[in-house]
Amino acid sequence: MKIEILSPDFFSRPTLGVARELIGKLLVHEENGHRLVGRIVETEAYREDDPACHAWSEVKRRNSKTAAGWRGEVLMGEPGLAYVYLNYGMYWLLNVVTEPAGVGAAVLFRAVEPIEGIEVMRARRAVRKDRELTSGPGKLTVAFGIDDRHHRQPLTEPPLYLAAEVPPPALRVAVSERIGINRGAELPWRFYVPGNPWVSGKRDRKNLNELNDLKDQKDLKDLKDLE
DNA sequence: ACGAGGATGCTCT
DNA sequence: GAGCATCCTCGTG
């Protein structure tokens, strides 16, 4: 499999476009002599002007000097860095920082399809079906061995990085509202591969709107920067 | 098949 | 003390 590591330039762009284009890309972790590879099948965008974004209160407060030690400070940092945080006290969630430095935004990785190193993933995840290995944001970090150690690390170089498959796979991309949030819940900023078994949540979920149908939605204004 | 509830810890009020 | 970008188990039908 021929792959090309994504550079910081890829992430230094409008967040919705990055989130959409990350669908089909690869998440790779090289560790202990083995290589874990997953194809990204579900992402969510979290933008600075978005009440669900962890940079929201900080931006609203117009506190340009972010307090040292604030975990979300990296969101305002260089594109391509990892933002990793503990959610519900138990699960590390992986994001990649987007947009130029100074803008607080990121893309959350919600699901990947196992491609390589599946034995290691099975060993880390005590589940019966392979479909359960990486079909959720907390599941995939366990399967890939991602935790606090990766916070602030660049995802543009080994051992943990994002890459494009050459040639790229032909995948459909669908859009829906984001999962598990209250504020900003109506924004259609979740991207996924319709029908892929590793997409999180219940199967046959509603909202199978194809991306091309977004013209008909009133959120076109927000999605303008997908071009 | 589906829903309710518990585990568990950090952040903000 | 509440809320949280979750996951799993154990009820019930």
Side-chain angles (χ1 to χ4, degrees), chain A residues 11 15-16 18-20 22-23 27 38 40-63 65-76 81-99 103-112 114 121-152 155 174-192 197-207 222:
Chain A
F11 303 100
T15 304
L16 298 184
V18 175
R20 186 199 62 179
L22 278 172
I23 297 295
L27 176 66
I40 297 159
V41 296
E42 183 179 354
T43 63
E44 282 178 358
Y46 288 86
R47 242 165 53 170
E48 190 175 74
D49 59 342
D50 160 17
C53 181
H54 288 178
W56 168 255
S57 56
E58 196 70 14
V59 170
K60 190 178 176 187
R61 193 177 303 151
R62 292 178 197 145
N63 185 357
K65 303 180 298 187
T66 53
W70 173 51
R71 191 170 189 91
E73 183 183 4
V74 68
L75 291 167
M76 324 280 290
L81 296 180
Y83 169 53
V84 179
Y85 80 99
L86 188 65
N87 145 94
Y88 292 101
M90 264 172 297
Y91 296 99
W92 295 104
L93 268 54
L94 174 67
N95 300 250
V96 61
V97 173
T98 57
E99 316 234 9
V103 180
V107 172
L108 168 71
F109 295 99
R110 286 198 57 92
V112 303
M121 300 183 201
R122 289 192 187 115
R124 286 182 169 144
R125 297 265 305 131
V127 291
R128 298 229 249 319
K129 292 174 292 190
D130 284 351
R131 137 180 305 143
E132 299 296 325
L133 287 175
T134 52
S135 54
K139 299 176 187 179
L140 74 87
T141 54
V142 171
F144 273 69
I146 295 167
D147 57 31
D148 190 37
R149 301 189 310 266
H150 303 283
H151 185 50
R152 294 173 169 276
L155 297 178
V175 182
S176 80
E177 296 173 351
R178 295 174 295 182
I179 295 180
I181 59 172
N182 295 306
R183 298 173 303 177
E186 72 289 353
L187 299 170
W189 290 355
R190 170 177 175 255
F191 302 87
Y192 63 101
W198 281 271
V199 170
S200 72
K202 305 285 185 248
R203 279 188 284 164
D204 300 322
R205 187 182 285 283
K206 296 180 269 187
N207 280 323
D222 288 329

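Each chain gets a letter, A, B and so on, in the order the sequences are listed, and its residues count up from 1.
- When the nucleotides B:dT8, C:dC8, C:dA5 are ranked by their closest atom to the side chain of A:Glu132, C:dC8 comes out on top.
- In this structure, A:Trp189 and A:Asp50 have side chains that are in contact, with non-hydrogen atoms separated by less than 4.5 Å.
- Between the OH atom of A:Tyr83 and the C1' atom of C:dC4 there is a distance of 11 Å, given to the nearest Å.
- Looking at A:Arg47 and A:Thr15, their side chains never bring a donor and an acceptor atom within 3.5 Å of each other.
- Nearer the 5' end of DNA chain C, as judged by each residue's closest nucleotide, is the contact made by A:Ile181, out of A:Ile181 and A:Val127.
- A:Asn95 comes within 4.0 angstrom of a nucleotide base, judged by non-hydrogen atoms across all strands.
- Side-chain N/O atoms of A:Arg110 include one lying less than 4.0 angstrom from OP1 or OP2 on C:dT6.
- With rounding to whole Å, A:His54 atom NE2 is found 10 Å from B:dC12 atom P.
- A:Leu187 has its CG atom 13 Å from the C1' atom of C:dA5, to the nearest Å.
- The side chain of A:Trp70 has B:dC12 as its nearest neighbour among B:dA7, B:dC12, C:dC7.
- Residue A:Gly89 is in base contact, counting any heavy-atom pair closer than 4.0 Å across all strands shown.
- Between A:Leu81 and the options A:Asn95, A:Val96, A:Val97, A:Leu75, a side-chain contact (heavy atoms from CB on, under 4.5 Å) holds for only A:Val97.
- Note: OH (A:Tyr91) to C1' (B:dG6) measures 11 Å, nearest angstrom.
- The interatomic distance linking A:Asp50 (CG) with C:dA5 (C1') rounds to 10 Å, in whole Å.
- Between the CG atom of A:Leu86 and the P atom of C:dG3 there is a distance of 19 Å, given to the nearest Å.
- Counting heavy atoms from C-beta outward, A:Leu22 and A:Phe109 have side chains that approach closer than 4.5 Å.
- Proximity of A:Arg125 to the phosphate of C:dC7: no side-chain N or O atom is located under 4.0 Å from OP1 or OP2.
- Of the residues A:Ile146, A:Leu108, A:Asp147, the one that meets the side-chain contact (heavy atoms from CB on, under 4.5 Å) test with A:Leu94 is A:Ile146.
- Side chain of A:Met90, nearest nucleotide from B:dA7, C:dA5, C:dC8: B:dA7.
- Each of C:dC4, B:dA7, C:dT6 was ranked by its minimum atom distance to the side chain of A:Asn182; first place goes to C:dC4.
- The backbone N or O of A:Val112 lies less than 3.5 Å from a partner atom in the side chain of A:Thr134, making a donor-acceptor pair.
- Taking a pair as Watson-Crick or G-U wobble with both distances under 3.5 Å, DNA chain C forms stems of 3 or more consecutive pairs at B:1-7 with C:6-12, B:9-12 with C:1-4.
- Side chain of A:Arg178 to backbone of A:Gly184: a donor-acceptor contact under 3.5 angstrom is found.
- Spacing between atom NZ of A:Lys129 and atom P of C:dC7 amounts to 15 Å, rounded to whole angstrom units.
- Rounded to whole Å, atom P of C:dT6 lies 11 Å from atom CZ of A:Arg178.
- Stacking annotation: A:Tyr88 is not stacked on the base of B:dA7 (requires ring centroids less than 5.5 angstrom apart and an interplanar angle below 30 degrees).
- Checked by atom type and distance alone, the side chain of A:Trp56 never pairs as donor or acceptor with a backbone atom of A:Tyr46 at under 3.5 Å.
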